[in-house]
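Below: one structure, written as structure tokens.
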2 protein chains.
Amino acid sequence: MDKQTITIYDVAREADVSMATVSRVVNGNANVKPATRKKVLDVIEKLDYRPNAVARGLASKKTTTVGVIVPDVTNMYFASLARGIDDVATMYKYNIILTNSDSNIEKEVKVLNTLLSKQVDGIVFMGNEISDKLREEFKRTKTPIVLAGSVDEQNLNPSVNIDYVAAVQEEVKNLIDRGNKRVAFVCGPLEQAINGKFRLEGYKRALKSAGIPFDDKLVFETDDTYKTGTLLQPALMSVNATAAMVTDDELAAGIMNGMSDAGITVPDQFEVITSNDTKLTEMVRPKMSSITQPLYDIGAVAMRLLTKLMNNEEVDEKKVLLPYGLMKRESTK
Amino acid sequence: MDKQTITIYDVAREADVSMATVSRVVNGNANVKPATRKKVLDVIEKLDYRPNAVARGLASKKTTTVGVIVPDVTNMYFASLARGIDDVATMYKYNIILTNSDSNIEKEVKVLNTLLSKQVDGIVFMGNEISDKLREEFKRTKTPIVLAGSVDEQNLNPSVNIDYVAAVQEEVKNLIDRGNKRVAFVCGPLEQAINGKFRLEGYKRALKSAGIPFDDKLVFETDDTYKTGTLLQPALMSVNATAAMVTDDELAAGIMNGMSDAGITVPDQFEVITSNDTKLTEMVRPKMSSITQPLYDIGAVAMRLLTKLMNNEEVDEKKVLLPYGLMKRESTK
DNA sequence: GATTTATTTGAAAACGTTTTCAGTTTGCTG
DNA sequence: CAGCAAACTGAAAACGTTTTCAAATAAATC
């Protein structure tokens, strides 16, 4: 009836050695005579013994599991990061517990705590904003936490990102250089540091060095959704914008489609640049020009960094900035 | 230096009760005098005690964790299912360990085994095909496994899907009724039962009841990628197809864009129907007509089913078929 | 071949819970 | 207020590993 599991003890008995020895061979410990090793291995094979990772976790205080907190896997941007994370996690023999937070502050805190109670060895956090409450929790725990594609103004945790300020600044400069006097900045919630502190800053700097005064009528704070994008055309027109720097690909796709549907041609009458270079940029017509980010790599590097932290290795650089690029496609002139 | 963790024993001592009692209040067991409960709760609060889920798992043989095997989270279709799974998992206090298999047979088997060694309480599997090896592993374990959006010809595991045969048949019938004499069937690998056994069957049935002979020149077996889709236009034209039933949204988007780029207008000169109704269908121009599947719900229902199985509850229907729909958008006449 | 040193091994104590079973209280009943 | 059932509580044994420490064995040295 019952699970009828083979334990390390069964193997020990059958192989006529102690549990300790079995444990050693299972863990590849060198201090075991080759003959003994073979004997044990044979029994393991014969009995089809599989170590119980939970017991192992309790005894060793390591679960080889890391927690991954993500706003929504359904979002291409985060899905790509998650994929990078999982791949290098697998490479280092970790599994990931994936949780969606919907960027909800309470949920984030709650989920963090259940991950900790599950004794994960580390956590990679993705989120648009780190609430004070969450930051407190981060501080409280000894479990290493790294941020992937997410910034914290207070810079307390290791993180991997691109230089959002520089990327946006460069793109907006290009837009201006091409003759756009009124470039809109369409972004997600400004209370999120990545938008309110970094990208907006890049936008302002580009304006400044072009000698164009900042006009807050040109900044559109949205909820980052496709739908919202489709509805933005009238507002954009009413402020005489001729181009938009957009912080999310779905949002940008919405804007473009909204424009097209209203008879405005992109890029001739309106230029659009987006920020995440997800594959959506290629699927939409015209294809969207974008800041390119090494999405997969951001996840992968974050996870790699985490493995070092979990291993108590020295890390030279806790703030890693991966290179970004500018991909000209068809939504810009 | 060390983690300095508060254990149940610390709470017991401080509250002057036994571990058993603390355990009871933590687990909401009714047999505790209210006064005692309060006393313990206060100490828990004061000491900030957090139960160790690993120890709990070992003692209770339940981990409140389920494994989720998915070909690739980066694929919208699966990401949506995964989201549904996670949401109802959370609802029932489970966490999910998410692993990407790339539909690789060895990887699937390997990952299944590591999930089992981690003592997950259940597994939801998504995959295009169930290899014999994998099926054997499925049979070996007592851990409940349900398939989400995935069919197994041998029908051994509970699953949740839509009626792929009927859906495709219906869509192809519509295409034929609208005057298309040569409807292409563009699909992923035919060795995958979902394509080779189900969708293709629907296609054939539609043909048959319209009295059109099956022509295998009209079936295009692909790898389900956007890129491949963009390259298909010449082949499609060369067999005089005037419409295509496509089994994947990204693939379909590729086909449409390939057509447009070649100057063929959709839907006037070529109609396209796709199968998964991911949000991509709305973002592309023209918007794609699609079979609609309750993606999120497929995941959600699968997870709900799994909770019942894990709980040893009776389940009336092990093969659940959720309703599909047909969404007419702009890629069909 | 007696020592010394290195290599292998095993016994038993963790790890932090849940759970069983017996014992203790408490509350009722008449 | 005896007697009995019901409600509550605690001791201790799991759960299946890892790890420490000492003991046993083998190898090396002179």
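Every chain is numbered from 1 and lettered A, B, ... according to where its sequence line falls, protein lines coming before strand lines.
Legend: residues meeting side-chain hydrogen bond (donor to acceptor under 3.5 Å, both in side chains) with Gln154(A), ordered by chain and number and at least two apart, are Arg135(A). Judged as a side-chain hydrogen bond (donor to acceptor under 3.5 Å, both in side chains), and not counting sequence neighbours, Lys110(A) has no contacts. Taking the side-chain hydrogen bond (donor to acceptor under 3.5 Å, both in side chains) definition, one finds that Glu313(A) meets it with Asn311(A), sequence neighbours left out. By the salt bridge (Lys or Arg N to Asp or Glu O under 4.0 Å) test, Lys33(A) pairs with no residue at all, sequence neighbours left out. For Lys319(B), the salt bridge (Lys or Arg N to Asp or Glu O under 4.0 Å) test picks out no residue, with sequence neighbours left out. Applying the salt bridge (Lys or Arg N to Asp or Glu O under 4.0 Å) test to Arg83(B) and every residue at least two apart in sequence or in another chain returns Asp72(A), Asp102(A), Asp87(B). Listed by chain and number, the residues in a salt bridge (Lys or Arg N to Asp or Glu O under 4.0 Å) with Glu136(B) are Lys139(B) (sequence neighbours excluded). Taking the side-chain hydrogen bond (donor to acceptor under 3.5 Å, both in side chains) definition, one finds that Thr21(A) meets it with Ser18(A), sequence neighbours left out.
When rounded to the nearest whole Å, the span between CZ of Arg13(B) and C1' of dG10(D) equals 16 Å. For the pair Ile6(B) CD1 and dT17(C) P, the computed distance is 10 Å after rounding to whole Å. A straight line from OH of Tyr9(B) to C1' of dA14(C) spans 14 Å, rounded to a whole angstrom. Separating the CG atom of Asp16(A) from the C1' atom of dT8(C) is a distance of 15 Å, rounded to the nearest angstrom. Whole-Å rounding puts the Lys118(A) NZ to dG16(C) P distance at 18 Å. Taking atom CG on Leu58(B) and atom C1' on dC15(D), their separation rounds to 4 Å, with Å as the unit. dT17(D) atom P lies 19 Å from atom CD of Gln119(A), rounded to whole Å.
Direction change of the helix axis from one end of the helix from dG1(C)-dC30(D) to dG30(C)-dC1(D) to the other is 30°, with five pairs defining each end axis (rounded to 10°).
One finds a side-chain N or O of Ser18(A) lying less than 4.0 angstrom from the OP1 or OP2 phosphate oxygen of dG10(C). OP1 and OP2 of dT17(D) both lie 4.0 Å or more from every side-chain N or O belonging to Lys62(A). The side chain of Lys61(A) contributes no N or O atom lying less than 4.0 Å from OP1 or OP2 of dT17(D).
Under the 4.5 Å side-chain criterion, counting only non-hydrogen atoms from C-beta, Ser159(A) is not in contact with Asp152(A).
Of the possible donor and acceptor atoms, none in the side chain of Asn128(A) sits under 3.5 Å from a partner among the backbone N and O of Ser103(A).
Within the structure, ring pair (Phe, Tyr, Trp, His ring centres under 6.0 Å) contacts touching residues 86-137 of chain A (residues at least two apart or in different chains) are Phe125(A)-Phe138(A).
Remark: Asn31(A), Val32(A), Lys33(A), Thr36(A) in residues 30-41 of chain A come within less than 4.0 Å of DNA chain C through at least one heavy atom.
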Any protein N or O atoms within reach of nucleotides 18-23 of chain C? Criterion: under 3.5 Å, listing atom names and distances.
residue	atom	partner	partner atom	Å
dT18(C)	OP1	Asn27(B)	OD1	3.3
dT18(C)	OP1	Asn27(B)	ND2	2.9
dT18(C)	OP1	Arg56(B)	NH1	3.2
dT18(C)	OP2	Ser23(B)	OG	2.3
dT18(C)	OP2	Asn27(B)	ND2	3.3

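Within the 4.0 angstrom heavy-atom criterion, no nucleotide atom of any strand lies near Val54(B).
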